[in-house]
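This report refers to the structure that appears directly beneath it.
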There are 2 protein chains.
Amino acid sequence: MTSERTYHHGDLRRALLTAALDVIAAEGPAAVSLRDLARRAGVSHAAPAHHFKDRSGLLTAVAADGYALFADALAGAPDLRERGVAYVRFAATHPAHFQVMFQPDLHRADDPDLLAARARATEALRSGVAGLPPAGRGEDDRLAGVAAWSLAHGFATLLLSGNLADAMAGRDPEEAFRSLAASVFAPEGGRAD
Amino acid sequence: MTSERTYHHGDLRRALLTAALDVIAAEGPAAVSLRDLARRAGVSHAAPAHHFKDRSGLLTAVAADGYALFADALAGAPDLRERGVAYVRFAATHPAHFQVMFQPDLHRADDPDLLAARARATEALRSGVAGLPPAGRGEDDRLAGVAAWSLAHGFATLLLSGNLADAMAGRDPEEAFRSLAASVFAPEGGRAD
DNA sequence: CCCATATCTTGCCATTGACTAGATCGAGCC
DNA sequence: GGCTCGATCTAGTCAATGGCAAGATATGGG
């Protein structure tokens, strides 16, 4: 698409990342091969090493990009419930990113970019939980935050692993999660978000 | 351990599976290598192929074993909440199994043993949800089931990926989940399990 | 005792990840 | 224009892996 093949690719890093996302979305992270990505990009087998040190370096970059997008997606949600919906929507929209993000054995844990992006996402997530009392009651708040996180994360994870295929049955996952969260967090007039 | 080395190992299949569990628990499923497992068991590099066709065959066996253990663990729980606790306890006790079970891209989806074991586990899980009305109201029940499943699964997944390390802070995960589930599913005297 | 079968070994090949050395491009500078 | 210098990419190599084929060895049934 970038027309001619010159010695310098021009945007190899991005090309490799998008190719990686394709492979991951289609066959999972285990199917990612640096040489295959190089072939798809039309470069030599050693070219990726210059942008990402090694295989884990590439997956780390995928995770970092994912956390950056994730933070943006979460930041746009007004209240706690919509943040959960955004959580699920992100997983459904960026399955490849999501999978890699939450598989720590795939990336370098000490990568600065990854840590920074994850910190941003964590903050975006936490600010939705702690929005109730200025400096909440501690224990209970923390538990409530973990509960909300678990609910959204579990739904997203089960969705991506195909375990909700029959339960959803052609239904919109976002909408399903919205009503699900409603029934759980505000059963009969209790404290909602 | 098994004293002498004869031509026939005696229990190679099990030896390979337990070695695989060690590797997965320590470094994740991606680090599993058939040749490495063979070395650990003291057999030649091609021996594993006779018990498990290939790498995905071995991981499929791990998943199948996991689902079998999982079904047993769930069956022992009296009510819905304890079933959730059992869910989390299983993940904490069998992290390697759990990881492989919920990564469909690692195993053969059409394996009969896997399907049978998973069906048992699914049934053990569902019977805890549908235990309320004989043939419940359909939509809401399904949603409630998905909600409970999502909560337990999300907690378990976040726990294994290390995302709850600081939130738990040396606390017992089981106990934390128990009180968490209590505060979510029965906030102020509503319908519990 | 003998044979059929399951189990394990040896040998082999293609692919991959990772490393090294060298080629090519591009930008700044004189 | 011609130069150097660094970034980018190529080519070549090596060890490790997965998977296959052919053969050796043990085990149990007849």
Side-chain angles (χ1 to χ4, degrees), chain A residues 1-20 22-24 26-63 100 103 105-108 110-111 113, chain B residues 1-20 22-24 26-63 100 103 105-108 110-111 113:
Chain A
M1 302 314 129
T2 45
S3 58
E4 321 253 346
R5 270 288 295 104
T6 63
Y7 193 94
H8 282 172
H9 181 282
D11 203 5
L12 181 57
R13 185 187 159 92
R14 182 170 305 269
L16 292 172
L17 284 175
T18 57
D22 287 348
V23 173
I24 296 169
E27 308 173 61
V32 170
S33 145
L34 289 180
R35 288 174 117 98
D36 178 45
L37 298 183
R39 275 191 294 270
R40 289 168 185 248
V43 295
S44 83
H45 67 262
H50 206 273
H51 295 271
F52 319 96
K53 170 76 172 167
D54 51 11
R55 208 186 97 107
S56 66
L58 179 131
L59 293 175
T60 302
V62 169
V100 177
Q103 261 183 291
D105 58 299
L106 293 182
H107 32 79
R108 304 194 166 279
D110 58 345
D111 182 79
D113 292 346
Chain B
M1 296 298 151
T2 46
S3 60
E4 322 251 346
R5 270 288 293 108
T6 63
Y7 193 92
H8 281 172
H9 181 284
D11 203 6
L12 181 57
R13 185 189 159 91
R14 185 172 303 271
L16 292 171
L17 284 174
T18 57
D22 288 348
V23 173
I24 296 170
E27 308 173 62
V32 171
S33 143
L34 290 180
R35 287 173 116 97
D36 179 45
L37 299 182
R39 273 191 298 268
R40 289 169 185 248
V43 295
S44 81
H45 66 262
H50 206 274
H51 295 272
F52 318 95
K53 168 75 173 168
D54 51 10
R55 209 185 97 106
S56 67
L58 179 131
L59 293 176
T60 301
V62 170
V100 177
Q103 262 184 290
D105 57 301
L106 293 183
H107 33 79
R108 303 195 165 279
D110 56 348
D111 183 78
D113 292 347

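Lettering of chains follows the sequences in order, A, B, ..., and the numbering in each one begins at 1. Keep in mind the model is a prediction, meaning the values are calculated, not measured.
Summarising the geometry, the separation between CG on A:Leu106 and P on C:dG17 is reported as 13 Å, rounded to the nearest angstrom. In this structure, A:Phe52 places its CZ atom 12 Å from P of D:dT8, rounding to the nearest Å. Straight-line distance from the CG atom of A:Asp54 to the P atom of C:dC19: 7 Å, rounded to whole Å. At whole-Å resolution of the value, CG in B:Asp36 and P in D:dT17 are 7 Å apart. For A:Asp11 and D:dC9, the CG to C1' distance is 15 Å, given to the nearest whole Å. Atom CG of B:Leu34 is separated from atom P of D:dG19 by 6 Å (rounded to the nearest Å). If you take CG of B:Leu12 and C1' of C:dT9, they are 12 Å apart, rounded to a whole angstrom. In this structure, the NE2 atom of B:His50 is 13 Å from the P atom of D:dA21, given to the nearest Å.
Across B:Leu16 and B:Ala41, no two heavy atoms sit closer than the pair CD2-CB, 4.2 Å. Taking all atoms of both residues into account, the shortest heavy-atom contact from B:Ala30 to A:Leu106 is CB-CD2, 4.2 Å. Shortest non-hydrogen contact noted between A:Ala20 and A:Val32 is O-CG2, 4.4 Å.
Here A:Arg13 pairs with A:Leu17, A:His51, A:Phe52, A:Ala61 under the side chain to side chain contact (heavy atoms under 4.5 Å, CB included) rule; sequence neighbours left out. With sequence neighbours left out, B:Asp22 forms a salt bridge (charged side-chain N to carboxylate O under 4.0 Å, His left out) with no residue at all. Residues passing the side-chain hydrogen bond (donor to acceptor under 3.5 Å, both in side chains) test with B:Asp11, sequence neighbours excluded: none. B:Thr60 is linked by a side chain to side chain contact (heavy atoms under 4.5 Å, CB included) to B:His107, B:Arg108, B:Asp111, B:Leu114, counting only residues two or more places apart in sequence or in another chain.
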Pairs under 3.5 Å (N/O, protein and nucleotides 10-15 of chain C):
unit_1, atom_1, unit_2, atom_2, d
C:dG11, O6, B:His45, NE2, 2.9

- [ ] Just do the side chain to side chain contact (heavy atoms under 4.5 Å, CB included) check on B:Val23 and B:Arg40 with the steps written out, would you?
- [x] CA-CA 11 Å; B:Val23 173; B:Arg40 289 169 185 248; 3.5 Å; yes
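Side-chain contact between A:Leu37 and A:Leu58 is present, with at least one heavy-atom pair separated by less than 4.5 Å.
Taking only side-chain nitrogens and oxygens, A:Lys53 comes nearer than 4.0 Å to OP1 or OP2 of C:dC19.
Between the axis at the start and the axis at the end of the helix from C:dC1-D:dG30 to C:dC30-D:dG1 there is an angle of 10°, using five pairs per end and rounding to 10 degrees.
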